Amino acid sequence: MDNSRVEFIEDINTCSKIPIDKIDKFWKVMVIDDEKSVHDITVTSLKGFMFEGRGLTFLNAFSGQEAIGLFTRHPDTALLIVDVVMETENAGLNFVHYIREKLKNHLVQIVIRTGQPGMAPEYEVISKYSINAYYSKTELKIQKLISLVTTSLRTYKLAIQLDLELKKRKAAEFGLKHLNQTLEEKIVERTREVERANQLKSQFLANMSHEIRTPMNGIIGMSNILMDEDLEPAQKEYARIIKSSAGSLLTIINDILDLSKIESGQLTFEQRSFSIKMMVNEVESIFKFKAKQKGLKLFSRIQKELPHFVVGDETRIKQILINLIGNAIKFTTKGFVKLSVAVLKKKNNRLELRFKVEDTGPGIEESFKNHLFDKFSQKDASIARKFGGTGLGLAISKHLAKMMDGDIQVENRPQGGALFDVRLVVEQKSNNLDKIEQQGESKIKDLEEKIANLNLRILLAEDNKINQKVLQVMLKKRNIPIQIAENGEDVLEKLRAARYDLILMDVRMPHLDGIETTKIIRDPHSDIKQKQIPIIALTALAMPEDAVKCIDAGMDRYLSKPVHPEKLIETIGLVLKL
């Protein structure tokens, strides 16, 4: 026998005759039969056999039990040639069952070669034991044996390759699953971190808003009161400067808060009727003095076909125009700034309005146009030093316009300067309602007189001395007196001692804040008798969730500081149903 190509191992101990590094150069074939002559004939028949450059190594077992031990030590066996009847009538089949069911090995090829075919019917054996071929000993001649071994080794090789691919795929799937799980965990953790960061940011902004708006309410409120006094021209100018500077600071605060609301999706819009002409006049009046100081002509053009009143968020539209006109005046040194308004499209009761803000300034450099509406966008640091501003106004204006189904575009005028084109969608009101709205200003005056004539007992819950004074003077000028409570506990004591018609409730107060005080008042089990007394929140907190907390606590209305007199009068009228 050519030992360089075919090795014959009579039992497991003879494996030591083959060097370890040579084993993978041979295909392992195990012959399981209780007749030694069958082993000899098999080895002789396959003498010199080669498949894909590899010879055969034979493993010989003479019983089913011996085959189990031998296979356990050689699980990489490629082919099993198994006799059925050995130490028992089903010894060979029991061995095959052990391989397929116990070891779950479906790679090794199994051929049944039996001397008593009737003891193991072919159709039952093939289907039940997952064997690859079935022969009687008499029919398995040399050529058929060689063909059988060749086919079996080819199938075994393919099965091994497929098994490796399946293992690689499973490993890859496991790795991917683990990666996905890790990514999901990281995403969840990152989401939690972002939520925590947003909560901290919101809390910081709320605190900042409260701490800044509280003194701002005093500054703006007192400057408004001072402007109404009979002052000398120089004194009136000083008061106007104070009011203007406070307004600029409040604009910066509002920009920061608006940006936070936009990013968190909390920005809301009011749908109320307003006069476009009156709004444009108000915007012009804001910048009239500043434009005059710079020697600029500030004027507006309103299309005749424009309705008197429309429905939308006047405050937000005004905010956009103030940003654009403020920038135009800021960067224009000579010439004019013009605001024009026209109806661009009309469909049913929806109007697409076009606001154009033109100036004769330096225009916008082409390289900077794409970044003009970015947050904190200014061409360079010298712009901020020279002209001031946060770089948020245009970014916020763009967001506001898009949220009102519109947009803002910018281009340079052929004659020089910039043109900002604003498109916004509003609703048109009926003519009858227009007439009602035209009486708006006189309605506020009538409401002031009505409230004054009712001789209401109004309780102001406010711990800040300046804000107490502002509201006292603001309402006193309208012949509406108020009483002061320093905190929530003081409010409860006064309600126990006397009857009041209305509470103006600050939210943040020492000892007992406005939220908890309102809850106690509304509590059916508390000792406060006036449980349904109207309560208006007056607070420096300006985030949407703050308004929700106030309403949830039982307050009737919510006003953020600085408090505007007309808004306060209107709100008092609403809660008292006047």
Side-chain angles (χ1 to χ4, degrees), residues 198 201-202 204-206 208-209 212-213 216 244-272 274 279-280 282-283 286-287 290 312-331 337 339 341 353-357 359 361 364 368-381 383-384 387-411 418-426 540-547 560-562:
N198 284 335
K201 183 176 75 171
S202 296
F204 167 75
L205 288 172
M208 182 191 73
S209 171
I212 296 177
R213 282 176 179 272
M216 286 298 298
S244 176
S245 299
S248 297
L249 180 56
L250 188 61
T251 298
I252 294 173
I253 297 168
N254 288 336
D255 281 350
I256 295 171
L257 289 173
D258 282 345
L259 181 65
S260 174
K261 292 174 186 176
I262 289 169
E263 290 178 342
S264 62
Q266 295 180 323
L267 193 66
T268 57
F269 288 82
E270 289 185 346
Q271 294 299 312
R272 300 179 63 181
F274 66 96
M279 180 190 69
V280 169
E282 287 177 16
V283 173
I286 291 172
F287 294 103
K290 193 169 186 179
D313 195 319
E314 179 186 9
T315 302
R316 296 301 180 187
I317 297 174
K318 189 187 298 184
Q319 184 177 352
I320 294 172
L321 297 179
I322 287 173
N323 274 323
L324 296 181
I325 294 175
N327 277 347
I329 292 175
K330 181 191 299 184
F331 294 106
V337 173
L339 168 62
V341 190
L353 301 181
R354 183 181 191 181
F355 297 84
K356 291 196 297 183
V357 177
D359 64 57
I364 311 296
F368 188 62
K369 275 187 180 180
N370 292 334
H371 304 286
L372 189 62
F373 295 99
D374 293 347
K375 290 180 290 187
F376 307 105
S377 174
Q378 288 182 332
K379 186 180 173 185
D380 53 49
I383 297 293
F387 297 105
T390 60
L392 290 174
L394 290 179
I396 291 170
S397 297
K398 182 90 166 178
H399 277 292
L400 293 177
K402 285 184 174 293
M403 294 174 77
M404 287 186 276
D405 297 328
D407 199 3
I408 302 179
Q409 300 296 330
V410 62
E411 60 184 60
L419 188 155
F420 284 81
D421 191 339
V422 184
R423 313 288 178 92
L424 302 173
V425 175
V426 296
L541 297 169
M543 300 300 282
E545 58 267 25
D546 299 318
S560 62
K561 297 176 183 177

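Source: prediction; values computed, not measured. Basis for what follows: all heavy atoms, side chains included, without hydrogens, waters or symmetry-related copies.
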Inset, instruction - Apply salt bridge (Lys or Arg N to Asp or Glu O under 4.0 Å) to K290 and list each qualifying residue two or more places apart in sequence or on a separate chain. - result: none
Legend entry - K318: partners by side chain to side chain donor-acceptor pair (under 3.5 Å), with sequence neighbours left out: E282
Legend entry - Heavy-atom closest contact (D359 atom, A328 atom, distance): OD2-CB, 3.7 Å
Legend entry - Residue pair I317 / L424, side-chain heavy-atom distance below 4.5 Å: yes
Legend entry - Note, V410 side chain near L419 side chain (heavy atom, < 4.5 Å): no
Legend entry - Any side-chain heavy-atom pair of R423 and L353 under 4.5 Å: no
Legend entry - Side-chain touch I396/K398, heavy atoms, less than 4.5 angstrom: no
Legend entry - Partners meeting side-chain contact (heavy atoms from CB on, under 4.5 Å) with D313 (sequence neighbours left out): F269, E270, T315, R316
Legend entry - Side chains of D421 and F355 in contact at under 4.5 Å (non-hydrogen atoms): no
Inset, instruction - List in chain and number order the residues that pass salt bridge (Lys or Arg N to Asp or Glu O under 4.0 Å) with D405, two or more places apart in sequence or in another chain; answer none if no residue qualifies. - result: R350
Legend entry - By salt bridge (Lys or Arg N to Asp or Glu O under 4.0 Å) - contacts of K356 (at least two apart): none
Legend entry - Atom pair CG/CG of L394 and N323 - distance to nearest 0.5 Å: 6.5 Å
Legend entry - Nearest-0.5 Å distance that lies between atom OG in S397 and atom CG in N327: 8.0 Å
Inset, instruction - Using a 4.5 Å cut-off on heavy atoms from C-beta on, say whether the side chain of I408 contacts that of I320. - result: yes
Inset, instruction - Begin with the C-alpha distance, continue with both residues' side-chain angles, and end with the deciding distance and a verdict on side-chain contact (heavy atoms from CB on, under 4.5 Å) for V357 and V422. - result: CA-CA 8 Å; V357 177; V422 184; 5.7 Å; no
Inset, instruction - Run the numbers on V426 and M404 for side-chain contact (heavy atoms from CB on, under 4.5 Å), then give the verdict. - result: CA-CA 8 Å; V426 296; M404 287 186 276; over 6 Å; no
Inset, instruction - With the side chain counted from C-beta on, respond yes when V337 and F287 share a heavy-atom pair under 4.5 Å apart, and no when they do not. - result: no
